[in-house]
There are 2 protein chains.
Amino acid sequence: MRESTALDRMICFQLYAASRAMTSLYRPHLDPHGLTYPQYLVMRILWHDGPTTVRDLGRTLRLDSGTLSPLLKRLETQGHLRRERGTHDERTVWIHPTETGTRLQTDIGDLSHALACATGLTTDELHQLHTLLHRARGTAPTPPGGTTA
Amino acid sequence: MRESTALDRMICFQLYAASRAMTSLYRPHLDPHGLTYPQYLVMRILWHDGPTTVRDLGRTLRLDSGTLSPLLKRLETQGHLRRERGTHDERTVWIHPTETGTRLQTDIGDLSHALACATGLTTDELHQLHTLLHRARGTAPTPPGGTTA
DNA sequence: CACCAATCAGTTGTGCACAATTGAATTGGG
DNA sequence: CCCAATTCAATTGTGCACAACTGATTGGTG
């Protein structure tokens, strides 16, 4: 298969392609549960942190309400979470995992190990990659939804 | 800003976030020319390789016709390329850059250096990252040479 | 030649991303 | 206290991604 030399040298294209390839590795594990990858990320945060707000989800995932609002509405329709307008500050919306949503965690199980292996990288290389990605992202200007420095 | 420890450890989320962050670095450079990032990738291939087919664009970019067909139609509307059904094999569609499309290359200039710098990574780290990403995607190892954004 | 499987681009439908805007709630300065 | 600026979620509109499908074309096999 031909490789475009020009593209081959672009870090950005490598990121773009690798990200989509990795997401497609998750798909067969998530599809049976009716979850998309971004929805799975939201559920992971709920499993890990418990009830949170739309604002904090956006900060953590670097997504704005334009993306999150419809996504959360779909997760609510599926019965995985409940949205509730805050009482103290009525601008914020709290997201609570439901029992159904919590049960998903054990149903899906731990995907990270299987998928780390699927990359074919060693533990050391995965750690290197992780560090490089985090640093590359950390220096970048504020992503959408983020707080302005 | 809070970081979800769970997400923080996911290579896949790091890829997902880094890819979007990097794309958003390109946006201010491409917006003035009316290009999106995937459209820019297509134009780069045309600039580098000349006329090509929808099939080969898909193989190079790892995108199917469901994504490429409307994208190419928009680039054609903008006058950057011309679509032409093949004569030898009438199933394939050839994509030709127009003069307008070719002129874009000099108008936009070389973004890779500026954007590689924006990551804050050293040349060595960029090369490492490039190699790791390429391997994670399950493709052949990177040939030696300069690494650009 | 006849026919069937594979190839190719396009279409449809769903779900992100993200810019821009809206409108309600809150905060802070005077 | 009052009002302007800010915060927050939602909505609208555009453009990817990708699965599933369609329909035309081609290639291989009997």
Side-chain angles (χ1 to χ4, degrees), chain A residues 13 15-28 30-32 34-42 52-59 61-78 83-95 141-148, chain B residues 13 15-28 30-32 34-42 52-59 61-78 83-95:
Chain A
F13 173 69
L15 274 173
Y16 165 75
S19 174
R20 286 189 293 126
M22 196 70 103
T23 300
S24 77
L25 290 180
Y26 275 81
R27 212 182 317 280
L30 300 179
D31 251 10
L35 285 187
T36 65
Y37 178 69
Q39 288 170 6
Y40 170 67
L41 292 179
V42 166
T52 182
T53 65
V54 174
R55 177 189 64 254
D56 282 345
L57 284 174
R59 297 231 170 105
L61 296 170
R62 274 83 176 169
L63 292 171
D64 64 10
S65 65
T67 300
L68 284 176
S69 285
L71 187 154
L72 293 170
K73 200 179 292 181
R74 283 186 283 270
L75 282 175
E76 188 179 37
T77 301
Q78 301 226 321
R83 293 186 300 161
E84 189 185 337
R85 184 70 62 169
T87 51
H88 174 66
D89 184 341
E90 294 188 16
R91 290 171 302 178
T92 75
V93 167
W94 285 86
I95 306 296
T142 317
T147 37
T148 319
Chain B
F13 173 69
L15 274 173
Y16 165 75
S19 173
R20 286 189 294 125
M22 195 70 102
T23 300
S24 77
L25 290 181
Y26 275 83
R27 212 182 316 280
L30 299 178
D31 252 9
L35 284 188
T36 65
Y37 178 70
Q39 288 169 7
Y40 171 67
L41 291 179
V42 166
T52 182
T53 65
V54 174
R55 177 188 65 252
D56 282 346
L57 283 175
R59 296 230 170 105
L61 296 171
R62 275 81 176 170
L63 292 171
D64 65 9
S65 65
T67 301
L68 285 175
S69 285
L71 187 154
L72 293 170
K73 201 180 290 182
R74 284 186 282 270
L75 282 175
E76 188 180 38
T77 302
Q78 301 225 320
R83 292 187 299 163
E84 188 186 339
R85 184 69 61 169
T87 52
H88 175 65
D89 183 342
E90 293 189 16
R91 290 172 302 180
T92 74
V93 167
W94 284 86
I95 306 297

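Proteins get letters first, then strands, A, B, ... in listed order; numbering begins at 1 in each.
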Here the distance between atom P of C/dG10 and atom CG of B/Asp64, to the nearest Å, is 12 Å
Test: A/Arg85 and A/Glu90 ion pair at under 4.0 Å:
no
Take the protein atom CG of B/Leu68 and the nucleotide atom C1' of D/dC18, then report the distance between them rounded to whole Å.
12 Å
Contacts of A/Asp89 and A/Arg27 projected onto DNA chain D by closest heavy atom; the upstream (5') one is A/Asp89
Any side-chain heavy atom of A/Ile95 sitting closer than 4.5 Å to one from A/Val93?
yes
Under a 4.5 Å cut-off applied to non-hydrogen side-chain atoms, are A/Leu75 and A/Leu71 in contact?
yes
Under 4.0 Å protein heavy-atom contacts per nucleotide of nucleotides 1-7 of chain C, with B for base, S for backbone only and - for none:
------B
Would you please confirm or rule out a distance under 4.0 Å between OP1 or OP2 of D/dC18 and any side-chain N or O of B/Arg62?
no
Give a yes/no on whether any side-chain N or O of A/Arg85 is located under 4.0 angstrom from OP1 or OP2 of D/dC8.
no
Scan A/Leu71 against the nucleic acid and name what it touches under 4.0 Å (heavy atoms): base, sugar-phosphate only, or nothing.
sugar-phosphate
Specify the separation, in whole Å, of atom CD of A/Gln78 and atom P of C/dT14.
14 Å
For C/dG15, take OP1 and OP2 only and decide whether either is under 4.0 Å from a side-chain N or O of A/Tyr37.
no
Using whole Å, report how far CE of B/Met22 lies from P of C/dC18.
14 Å
In the structure I gave you, are the side-chain heavy atoms of B/Val42 and B/Leu72 within less than 4.5 Å of one another anywhere?
yes
Below 4.0 angstrom from OP1 or OP2 of C/dT11, is there any side-chain N or O of B/Lys73?
yes
Select from B/Gly66 and A/Leu72 the residue whose nearest nucleotide in DNA chain D is closer to the 5' end of that strand.
A/Leu72
Would you say a side-chain N or O of B/Arg20 is under 4.0 Å from OP1 or OP2 of C/dC18?
yes
Under 4.0 Å from OP1 or OP2 of D/dC16: is there any side-chain N or O of B/Thr36 that close?
yes
A/Ser65 side chain, from C-beta outward: closest of D/dT11, D/dA17, C/dA9
D/dT11
B/His88 NE2 to D/dA24 C1', in whole Å, measures 16 Å
Under 4.0 Å, counting only non-hydrogen atoms across every strand here, what does A/Thr92 touch: a base, just sugar-phosphate, or nothing?
sugar-phosphate
base_contact_polar (D/dA9 base, A/Ser69 side chain, donor-acceptor, <3.5 Å):
no
What is the distance from CG of A/Leu57 to P of D/dC8, rounded to the nearest Å?
13 Å
Rounded to whole Å, please give me the gap between OH in B/Tyr16 and C1' in D/dA17.
13 Å
Report yes if some heavy atom in the side chain of B/Val54 is under 4.5 Å from a heavy atom in the side chain of B/Thr92; otherwise report no.
no
With distance as the sole test, does B/Ser19 use its side chain to make a donor-acceptor pair with the main-chain N or O of B/Leu15 at under 3.5 Å?
no
In whole Å, what is the span from the OH atom of B/Tyr40 to the C1' atom of D/dC16?
18 Å
Using side-chain heavy atoms (C-beta onward) and a distance below 4.5 Å, is A/Arg74 in contact with A/Gln78?
no
Would you say a side-chain N or O of B/Arg74 is under 4.0 Å from OP1 or OP2 of D/dC16?
yes
Ring geometry between B/Tyr40 and B/Tyr26 (parallel below 30°, tilted from 30 to 60°, perpendicular above 60°):
tilted
So, OP1 or OP2 of C/dG15: does either fall under 4.0 Å of a side-chain N or O from A/Gln39?
no
Map B/Val93 and B/Thr23 onto DNA chain C by nearest heavy atom, then report which one ends up closer to the 5' terminus.
B/Val93
